[in-house]
Amino acid sequence: MEWYEALCLLLGAIMVLMAVGMPVALAFLAACILGAWIFMGGQRGVTQLLNNGLGSLTSFALVPIPLFLLMGEIFFFTGLGTRMFNAIDRLLGRLPGRLSYVTVIGGTGFSTLSGSSMGSTALLGSLMVPDMIARGYKKHMSIGPILGTGGLAIIIPPSALAVLLATLAQIDVGALLIAGVIPGLILAGLYIALIWVQTRLDPSAAPAYEVEALPWSAKLGLILRDVVPMVSVMVLTVLGMIGGFFTPSEAAAFGALGVLILAAIYGGLTWSAIKASVKGALRVTLMAYLIVFGSATFSQLLAFSGASSGLIRWATGFELAPLAMLMVMFAVLLLLGMFMEQISIMLLTVPIFFPLAQTLGFDPIWFALIMLLALEISFTTPPFGLLLFVMKGVAPPSTTMRDIYTAAFPFIGCSLILVVLLIAFPGIALWLPGR
């Protein structure tokens, strides 16, 4: 069988199984078993493939995933996230568009810890949009910042999705997490600048309203009580990895323990909160482990059938410049993101794209960061980006898809500016990891 026939067989089987409603991880596993039976000699090949896949689950690099997820679940279910949101809201006072700033700042903190862009969008959409609309905010000022926070969440550490991508691609987890710090801060600055420009061009987009004026002593108290403790857990986790004091696994354990201690101090550590946090983290962790298992077996099957090497020879045979090939891969990720979830896209593309990127001479950490940004941009790309429909589901009934598209475009533009900056100046991503 030619390499392209093998590739079409494997990808076609996955697409058909997903189309009939089979869960993504099981669809990949079923396709891999079929491929192993055909390409690796029947039952003995299937046994060998499954044994190799089980070996991938013993990687120590997977440890941060459940710990980062538990960290985010505790942050949400114990009320720590709500305290931080409310404090930031009161601290910004009468600043024009302050609820939009609150969404970017507070939403980034929650999204980063939760590791779920869809969950974060649903939560922020149901929590913030009705209040902002009631206060006279135009729809692009209420919806846009919520859609934008996902781009920050996916690259600012600690990011469970970045850990999963690094594990699938077999690159340094700590280096990828650290590489996202400076680009994440730049993207946050672009978002804040965008909101500032929007409020200056159209003051009526975010009308001012009377709020209680707080003395400086009260503001300092809010900062010390409800902001610094929560932010310090994330900051210390990142600084520990940058300084070499923690491995990613130790940093994840430190972060989970820190949030647990804070929840106990603030009185939110109830038995029901613990059960809900563990249940949420366990559900996503099991899914992530199935994804890793499926990816490991899929990668081996692509290599054994000759599909991956044939695809690389075919792609490089066009003699496109590396930048042009990068744009092609970026476009593929944007297209897939309109129809598939991020983890599914990674499972499908990582075994193909990373060997190709290595052939083209791209730094794997830099390429992984570009890929993370492409995945997040694709989630909000009209007309079929999944986050657009999540927002439609939680926004007020009067909100149209056109309103959501209009709100998303400026924030997509900010993310594309960051991608251009990373291509022009790779050191933005590679300076902190020392590559």
Side-chain angles (χ1 to χ4, degrees), residues 56 59 61-62 64-65 68 112 115 117 150-187 238 241-242 247-249 251-252 288 291-292 295-296 298-299 308 312 315 322-323 325-334 336-337 340-379 415-416 418-435:
S56 68
S59 171
L62 292 173
I65 293 176
F68 279 147
T112 303
S117 295
L152 284 168
I154 199 171
I155 61 175
I156 292 182
S159 167
L161 199 64
V163 174
L164 183 58
L165 176 59
T167 304
L168 295 178
Q170 299 181 355
I171 59 177
D172 189 332
V173 175
L176 179 56
L177 288 172
I178 295 169
V181 174
I182 295 177
L185 293 176
I186 292 174
L187 188 56
V238 174
M241 287 189 291
I242 293 175
T247 64
S249 301
I291 292 293
V292 172
S295 177
F298 187 60
S299 300
S308 56
I312 291 172
L323 181 58
M325 189 62 70
L326 177 65
M327 292 298 99
V328 171
M329 290 189 282
F330 196 88
V332 170
L333 292 171
L334 291 184
L336 290 176
M340 298 172 64
E341 197 268 335
Q342 290 162 322
I343 295 178
S344 307
I345 299 171
M346 288 197 302
L347 189 57
L348 190 63
T349 58
V350 164
I352 298 171
F353 281 9
F354 270 84
L356 182 57
Q358 186 176 8
T359 302
L360 295 170
F362 296 145
D363 183 281
I365 300 299
W366 174 85
F367 180 73
L369 199 59
I370 295 288
M371 187 170 176
L372 284 173
L373 280 169
L375 289 172
E376 196 56 50
I377 293 170
S378 71
F379 247 29
S415 297
L416 291 175
L418 177 60
V419 172
V420 172
L421 289 174
L422 287 173
I423 293 173
F425 308 102
I428 294 173
L430 301 178
W431 179 65
L432 275 183
R435 298 177 69 87

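For reference, positions follow the sequence shown, starting with 1. Computed over heavy atoms, backbone and side chain alike; hydrogens, waters and symmetry mates excluded.
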- prompt: Mind checking whether M371 and V350 have side chains closer than 4.5 Å, heavy atoms only?
  reply: yes

Partners passing side chain to side chain contact (heavy atoms under 4.5 Å, CB included) against A162 (at least two apart in sequence or in another chain): S159, L176, L177, L372

Side chain to side chain contact (heavy atoms under 4.5 Å, CB included), paired with I428, selected from I423, L369, L185, I186: I186

task: Write down the atom of P433, the atom of A175, and the distance for their closest heavy-atom approach.
output: CG-O, 3.6 Å

query: Measuring from W431:CH2 to I182:CD1, what's the distance to the nearest 0.5 Å?
result: 5.5 Å

message: Quick check: do M329 and L360 have side-chain heavy atoms less than 4.5 Å from each other?
response: yes

query: Does any non-hydrogen side-chain atom of F362 lie less than 4.5 Å from one of M325?
result: no

task: Could you pull out all residues at least two apart from F330 that satisfy ring-ring contact (aromatic ring centres under 6.0 Å, His included)?
output: none

field: Between CD1 on residue I155 and CG on residue L373, distance to nearest 0.5 Å
entry: 5.0 Å

- request: Keeping the roles fixed (side chain from W366, backbone from L422), state whether a donor-acceptor pair exists under 3.5 Å.
  value: yes

- prompt: Does F354 have any ring-ring contact (aromatic ring centres under 6.0 Å, His included) partners at least two apart in sequence or in another chain, and if so, which?
  reply: F367

field: Nearest-0.5 Å distance that lies between atom CG in L418 and atom CD1 in I377
entry: 8.0 Å

task: Rounded to the nearest 0.5 Å, what's the gap from CG on L333 to CD on E376? Could you check?
output: 12.5 Å

